[in-house]
2 protein chains.
Amino acid sequence: MAEPQDRAVRRRAGRPPRALLGTDKITRAALKLVELEGYRGLTMAALARRLNVAPSALYNHVRSKQDVLLLVEEDLMGRVEVSGFATDPWPDAVRAWAWSYRNVFARHAPLIPVIAVLPVTDAPRTLMMYEAVTTGFARAGWPEDQIVDAIVALESFIFGSALDVGAPADIFDTGTLAAQTPSFTAAVRRRAAAAQDNGAPGAAESDRAFALGLEALLAGLSAGLAPGSAGAPG
Amino acid sequence: MAEPQDRAVRRRAGRPPRALLGTDKITRAALKLVELEGYRGLTMAALARRLNVAPSALYNHVRSKQDVLLLVEEDLMGRVEVSGFATDPWPDAVRAWAWSYRNVFARHAPLIPVIAVLPVTDAPRTLMMYEAVTTGFARAGWPEDQIVDAIVALESFIFGSALDVGAPADIFDTGTLAAQTPSFTAAVRRRAAAAQDNGAPGAAESDRAFALGLEALLAGLSAGLAPGSAGAPG
DNA sequence: CCACTAAATGAATGGCATTCATTTTTATTA
DNA sequence: TAATAAAAATGAATGCCATTCATTTAGTGG
C-alpha cells in the first residue's frame, strides 16, 4: 500500500538520500510496461513515469534506450529452459530448449532483430545458456567444430518461428487474387481444415509449423552425424 | 546530366501539369536510398528530398511509411528465385529458392519482422512466389494439407538466417566470461579455426550455418515424406 | 573539511511521421 | 462549354520521442 508514495508530490531537484533507480528496477519496470502496453508503449517517458522519476534520470543508469532493451533481453534469456542438456537424451533436450526459447521470444518479437545481431560479450545469462547447450551437444558426441554452426542453425529457425507466432490468422488469405493462385489457395484451405479437424484453435497453426520444422531439423542433424562420424547423438 | 533538374528552384504550390510521383517512383527511390544509407536513412523527409518534392506530397500516394516498406517488400519478393520449382527435383528447387530468398533479405533485415507478419492479400508478387513454391511441393508428392506448414517452417529458418547474416564477426566473443564458459568458448574457437582452414573469410560463417540447417531440413522433411510414415512426426 | 562524484530535476533540442489548409491543375459531368 | 469535383502539389503546423545540458542536492574518499 505504501509503494507508490506520492505521485502528485514533486520531488525537488538534487540527489535523493537513497537512490531511486538501478538497472534491476529499470528492467522490472520495462518488462511490466511491455506486458501491459507492448513494445509500442515502451518509451523512455513511459518508463520514467512508471518509476515516478523524470525521463532524464534514466540516463544516469543506462546509456540509451537500446541499453534498456538489452537489460530486458538478458532477463528473458534466463527463462529459457536448458536443464535438459545435463541429463536428457540430445533430441529431448533440444526439443525442450527450442520450444521454451521460441515461446519466450514470441511475446517479445521486436527484440529478435536486436538479439540476432547482438554480441554475447558481457551478457552473462545469454552466455550461460550457450554454455549449457554446448555441453549438451558435446555430450551427445558432436564434433566440436560443428557445434556452433548447429546451434546457430537451430537458433535461426527459432527466431523466425517466434516471429511467425505473431502473424494474424488470415495471413494467407489470397483475397481477389485467389483465382491466379489456385494451388496455394487450395493448400491454405486444406491446412485450415486440417487444423480444425484437430480441434485446435487459431494460434495452433504456428505450433504445427514449428513442430514440423523442429522435428525435421532434429532428424536431419542426427542423420548428418550418424554415418562414419563421431557417433549418433543420444 | 539533366536528371536532377533544378534542385534549387522552388516549385510553387498546386497540382503540377504532369504528376511528379507514383508508387513506382517512390519504390525505386526508397530502394536506392536504402542501398546508399541503409534503413536508418530511409525517412519520409529523405525520400521526399530524393524525389525533389515536399514530404507531405508522398501522402498523396502512400498512406504511411509502413506503406513504403510494403512497396519495397513487394519489389524484393519478385527477385526471389522460384523457376526451379517448375522443372528441377524438389531438393534442388528448394535449395535454390531458399538461398536466393535468404540472400535477398539479408540486405533488408529491418523488413523481416514486417514481412513475417504481413498478410499476403493484395501482394501479387509475394503470392506468385507462394504459388510457384506450392506447385513445386505438390509436384513432388507432398500431401496438400502439409504444404503450407512445410513452407512456413522453411521460411522461418530463412528469415532467422537472413538476420544472422548481419551479425558481427565477433558476436560470440566471450570476453571476460570465457573462464566461466569453457565448452562454448572452445567450440567458438574451433569453429573459427575450421572456417579459416577453409580459406573462407568472415561472412562465410553464417553461410556454413545456413547450409547445415538447410540440408538438415531438406533431409528431415524428405524423410518425413517417406512411404510408410504418414507425414510429419506428431 | 573539501573536492569529487553520483543521482536527481526541468528545460531545451532536433528528428521524425503525419495532418491540415491552401493552391493549382486536370478530369468529369450536367 | 461551363461548373464542379478530384488529384496532386506546397508549406506550415502538431505531437511524440530520445537525448542532452545546466543546475541542484547528497553522499564519499583523501
Side-chain angles (χ1 to χ4, degrees), chain A residues 4-30 33-34 36-72 110-111 113-114, chain B residues 4-30 33-34 36-72 110-111 113-114:
Chain A
Q5 274 171 271
D6 311 356
R7 281 170 191 274
V9 174
R10 292 241 166 65
R11 210 186 343 267
R12 75 181 192 281
R15 175 178 181 165
R18 280 187 315 123
L20 302 169
L21 295 178
T23 53
D24 49 340
K25 280 185 186 156
I26 293 176
T27 307
R28 275 198 296 275
L33 194 51
V34 166
L36 295 176
E37 323 239 3
Y39 278 86
R40 274 201 52 192
L42 178 55
T43 69
M44 296 302 270
L47 195 51
R49 206 175 313 126
R50 188 145 238 289
L51 290 159
N52 196 25
V53 133
S56 54
L58 294 167
Y59 290 87
N60 287 318
H61 303 268
V62 296
R63 261 187 305 272
S64 64
K65 180 176 179 179
Q66 180 81 351
D67 265 21
V68 175
L69 295 180
L70 300 193
L71 290 173
V72 171
L111 283 184
V114 178
Chain B
Q5 275 171 275
D6 312 353
R7 279 169 193 276
V9 173
R10 292 235 170 69
R11 211 186 341 268
R12 75 182 191 280
R15 176 176 177 164
R18 280 188 315 122
L20 302 169
L21 294 177
T23 52
D24 49 339
K25 280 185 186 155
I26 293 176
T27 306
R28 276 199 295 273
L33 194 50
V34 166
L36 295 176
E37 322 240 6
Y39 278 86
R40 272 201 52 194
L42 178 55
T43 69
M44 296 302 269
L47 194 51
R49 206 175 314 123
R50 188 146 238 287
L51 289 159
N52 197 26
V53 133
S56 53
L58 295 168
Y59 290 86
N60 289 317
H61 303 268
V62 296
R63 261 188 304 273
S64 64
K65 181 176 178 179
Q66 179 82 350
D67 265 20
V68 175
L69 296 181
L70 301 193
L71 290 174
V72 170
L111 283 184
V114 177

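The distance between atom CZ of A:R15 and atom P of C:dA7, rounded to the nearest whole Å, is 6 Å. Rounded to a whole Å, the CZ atom of B:R12 is 20 Å from the C1' atom of D:dA12. Atom CG in B:L69 sits roughly 12 Å away from atom C1' in C:dA17 (whole-Å rounding). Whole-Å rounding puts the B:L51 CG to D:dT10 P distance at 11 Å.
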Item to check | Contact state string [nucleotides 16-23 of chain D, B base, S sugar-phosphate only, - no protein heavy atom under 4.0 Å] | outcome: -SSBBB--

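With sequence neighbours excluded, the residues forming a side chain to side chain contact (heavy atoms under 4.5 Å, CB included) with B:R28 are B:D24, B:K25, listed by chain and number. Qualifying side chain to side chain contact (heavy atoms under 4.5 Å, CB included) partners for B:A45, counting only residues two or more places apart in sequence or in other chains: B:T43, B:R49.
Expressed to the nearest 0.5 Å, how far CG of B:L21 lies from CG of B:L47 amounts to 8.5 Å. The structure places CG of A:L69 at 7.0 Å from OH of A:Y39, a figure rounded to the nearest 0.5 Å.
In terms of polar N and O atoms assigned as donor or acceptor, the side chain of A:R11 never comes within less than 3.5 Å of the base of C:dA8 in a complementary pairing. Between the base of C:dA8 and the side chain of A:N60 there is a donor-acceptor pair shorter than 3.5 Å.
A sub-4.0 Å separation between OP1 or OP2 of C:dA6 and a side-chain N or O of A:H61 is absent.
Proximity of B:L51 to B:L20: side-chain heavy atoms (C-beta onward) are nowhere separated by under 4.5 Å.
Of the residues in residues 20-27 of chain A, none has a non-hydrogen atom less than 4.0 angstrom from any atom of DNA chain D.
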List the atom pairs, with distances to 0.1 Å, where a side-chain N or O of residues 53-65 of chain A and a protein N or O form a donor-acceptor pair under 3.5 Å, not counting sequence neighbours.
unit_1: A:S64; atom_1: OG; unit_2: A:Q66; atom_2: N; d: 3.4
unit_1: A:S64; atom_1: OG; unit_2: A:D67; atom_2: N; d: 3.4
unit_1: A:K65; atom_1: NZ; unit_2: A:L42; atom_2: O; d: 2.7

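Residue contacts shown for B:A19 are limited to sugar-phosphate atoms, with no base heavy atom under 4.0 Å away.
B:V72 approaches B:A30 most closely through the heavy-atom pair CG2-CB, 3.8 Å.
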